[in-house]
Amino acid sequence: MAPSFFCFSDHRRYTLGLFAMGNTCSNHLGIPQGKGPNAVGCTDFMMDHTAQGSFFRLYYPCQETEKPDRPDWVPSVEYFNGLADFMKINRSLSERIFNYLFGSFKIPASLDAPFKSNEKCPVVIFSHGLGAFRTLYSAICAELASQGFIVASVEHRDESASATYYLREKTESEKADKTVSITSTSAQDTLIEEWMYYRNLQHGESEFNLRNKQVKQRADECILALDKLMEINSGIPVQNVLKSKFDWTTLENSMDLCRIAAVGHSFGGATAIEALCKDVKFKCGVALDAWMFPLDDEIFPRVKQPIFFINSEKFQWAGNISRMKKLDSAVIQRKMITIRGTVHQSFPDFTFLTGNWIGKLMKLKGEIDSQIAMDLCNQATLAFLQRHLGLHKNFDQWDALIDGQDPNLIQGTNVTVLQSAI
């Protein structure tokens, strides 16, 4: 069974109502800022306006600004509609509630702020989970950018995102209708948004065949995003088809392309592993509570890069862990830790945006404090990236976390796996 963003009962409307009431007094909620020495900027990039193009949110170290323009956490109402479809609840009801709950939250980054770094930046390509989209992991991506990374959070177009879009040419009637362009994100008047929503498994359809096809496309989209960043880094002029004030020429020669990693959550964790297999430019991978089901067994011996599995305590099961252990190697570092008291949704931003009791009811929060869990995840990730990208930073102060040496960590897994299952 595929992992989903929300664990709803059949009483979805009732639960959403509770959800709304549970958040009414939660003024302290919000996505945490990055803790590194750099201010963080972000911008959206779409190269080639078709569904085959590349679409990602870029996070990067930026110049400090007095009044940073912080973008909305959920970029537009269509994403609320996509979440409603994914959760199989009424759009009009959920749109109002989602907007009430989450409409005021902002990304902890400055939109289109000028890039600034005193050194070349290592690169991370981030892949979101099933039913998510490019903005929902901003706590992780902003932390990496604050520590000096350039991070491309890909929005996948394999119909695993709750919603995404590309741009198409307007029809003649749309060109004549002057109201059509008002809400478009396109920088070109001749293009209009075409939305794609999450595709449910059809009756009688093989889930493995669908997810395996999707994970291959997702990995290709990660590689395409990296290719676009390499073009930008080399000074090749790029055309961003979205409205943006960001000057992409400032990223020329900004990236350390010998130091590239793939990171992802859930389906994105599997995507990161698939990307490692497909492209050796990725030097290592971090899989956050990875859902291993979509991967072919035959790729496991072909992955030659180090991998770090950071798992939640409540999501994993023996069959999934046994597939992770098929990647164990005597010569390539493969590490696994489990964060005590965490759930599958301890990694996306939702964990910071709900009150305590309602967050636990909805399985968006675990028993551990969300900030403590996120800090452990980010610090362990940074230590692993320093070790395997050869960074000259101070992230090795967290090396012990890689081996689970912390009261809130378990080395390996809390799940019992029979050796015969591996």
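Computed from heavy atoms alone, side chains included, the values below leave out hydrogens, waters and symmetry copies. Given the structure is predicted, the values throughout are model-derived calculations rather than measurements.
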**Asked** Can you tell me if N311 and T338 form a side-chain donor-acceptor pair at under 3.5 Å?
**Response** no
**Asked** What do you reckon, is NZ of K116 surrounded by more than 12 foreign heavy atoms closer than 6.0 Å?
**Response** no
**Message:** So, taking the atom named NE2 in H392 and the one named CD in E119, what distance separates them when rounded to the nearest 0.5 Å?
**Reply:** 9.5 Å
**Item:** Residue that, paired with L401, satisfies side chain to side chain contact (heavy atoms under 4.5 Å, CB included) out of D406, N408, D375
**Value:** D406
**Prompt:** For the residue pair R218 and S127, what are the closest heavy atoms and their distance?
**Reply:** NH1-OG, 3.1 Å
**Request:** Begin from the C-alpha positions of V215 and R211 and carry the test side chain to side chain contact (heavy atoms under 4.5 Å, CB included) through to its verdict.
**Result:** CA-CA 6 Å; V215 80; R211 303 306 182 199; over 6 Å; no
**Item:** salt bridge (charged side-chain N to carboxylate O under 4.0 Å, His left out) evaluation trace for E194 with R168
**Value:** CA-CA 6 Å; E194 183 73 20; R168 61 168 174 80; 2.6 Å; yes
**Prompt:** What do you reckon, is CD of E64 surrounded by more than 12 foreign heavy atoms closer than 6.0 Å?
**Reply:** no
**Asked** Do K314 and E367 sit within salt-bridge range, that is, some charged N less than 4.0 Å from a carboxylate O?
**Response** no
**Prompt:** Do S370 and T351 have side-chain N/O donor and acceptor atoms under 3.5 Å apart?
**Reply:** yes
**Message:** Checking side chain to side chain contact (heavy atoms under 4.5 Å, CB included) between F56 and each of L229, D44, I125, which is the one that passes?
**Reply:** L229
**Message:** Parallel, tilted or perpendicular: which one describes the rings of H265 and F347, with boundaries at 30° and 60°?
**Reply:** tilted
**Asked** Would you say the ring centroid of Y60 lies under 6.0 angstrom from that of F149?
**Response** no
**Prompt:** Hey, mind stepping through N233 and E252 against side-chain hydrogen bond (donor to acceptor under 3.5 Å, both in side chains) and telling me if it holds?
**Reply:** CA-CA 4 Å; N233 188 70; E252 183 175 349; over 6 Å; no
**Request:** Run the numbers on F309 and D289 for side chain to side chain contact (heavy atoms under 4.5 Å, CB included), then give the verdict.
**Result:** CA-CA 7 Å; F309 292 101; D289 228 12; over 6 Å; no
**Asked** Does K216 pair with D296 as a salt bridge, N-O distance under 4.0 Å?
**Response** yes
**Message:** Between R91 and D85, does any NZ, NE, NH1 or NH2 come within less than 4.0 Å of an OD or OE carboxylate oxygen?
**Reply:** yes
**Prompt:** Excluding sequence neighbours, so at least two apart, what forms side chain to side chain donor-acceptor pair (under 3.5 Å) with D247?
**Reply:** T249
**Request:** Establish, yes or no, whether the cationic atom of R334 lies under 6.0 Å from the six-membered ring centre of F300 and within 45° of the ring axis.
**Result:** no
**Request:** Would you tell me whether T43 and S244 have side-chain atoms, one donor and one acceptor, within less than 3.5 Å of each other?
**Result:** yes
**Prompt:** In this structure, are over 12 heavy atoms from other groups packed under 6.0 Å from N118 atom CG?
**Reply:** no
**Complete:** Closest non-hydrogen contact found for N38 with G148 is ND2-N, 3.5 Å
**Message:** Please report the interatomic distance CE(M374) to CG(D349), rounded to the nearest 0.5 Å.
**Reply:** 6.5 Å
**Prompt:** Does W73 have its ring centroid less than 6.0 Å away from the ring centroid of F350?
**Reply:** yes
**Request:** Please determine, by modelled atom types, if R70 and S110 share a side-chain donor-acceptor pair under 3.5 angstrom.
**Result:** no
**Request:** Report yes or no: does Q386 contribute a side-chain atom to a donor-acceptor pair with the main-chain N or O of K393 at less than 3.5 Å?
**Result:** yes
**Request:** For this output row, return yes or no: ring centroids of W248 and F45 closer than 6.0 angstrom.
**Result:** yes
**Request:** Measure from NZ or CZ of R157 to the centre of the six-membered ring of F55, then state whether that distance is under 6.0 Å and the direction lies within 45° of the axis.
**Result:** no
**Request:** Just say parallel, tilted or perpendicular for the rings of F86 and Y198, cut-offs at 30° and 60°.
**Result:** perpendicular
**Request:** State the CE-CD1 distance between M324 and I273, to the nearest 0.5 angstrom.
**Result:** 7.0 Å
**Request:** Of all the heavy-atom pairs spanning E78 and S76, show the shortest one and how long it is.
**Result:** OE1-OG, 2.9 Å
**Asked** With a 6.0 Å cut-off on ring centres, are H128 and Y137 close enough?
**Response** no
**Message:** Looking only at the side chains, is there a donor atom on one of E155 and T164 sitting less than 3.5 Å from an acceptor on the other?
**Reply:** yes
**Request:** Would you name the heavy atoms of F352 and I31 that are closest together and state the gap between them?
**Result:** CB-CA, 4.4 Å
**Prompt:** Would you say the side chains of Q217 and H156 form a donor-acceptor pair under 3.5 Å?
**Reply:** no
**Considering all heavy atoms, the nearest V238-M47 contact** = CG1-CE, 3.1 Å
**Request:** Report the C-alpha separation of K228 and M230 in whole Å, then their side-chain angles, then the decisive distance to 0.1 Å, and conclude whether the side chain to side chain contact (heavy atoms under 4.5 Å, CB included) test is met.
**Result:** CA-CA 5 Å; K228 297 308 175 191; M230 293 177 76; over 6 Å; no
**Complete:** In short, D158 meets A161 closest at the heavy-atom pair OD1-N, 4.3 Å
**Request:** Considering only NZ, NE, NH1 and NH2 on the basic side and carboxylate oxygens on the acidic side, decide whether E274 and R302 come within less than 4.0 Å.
**Result:** no
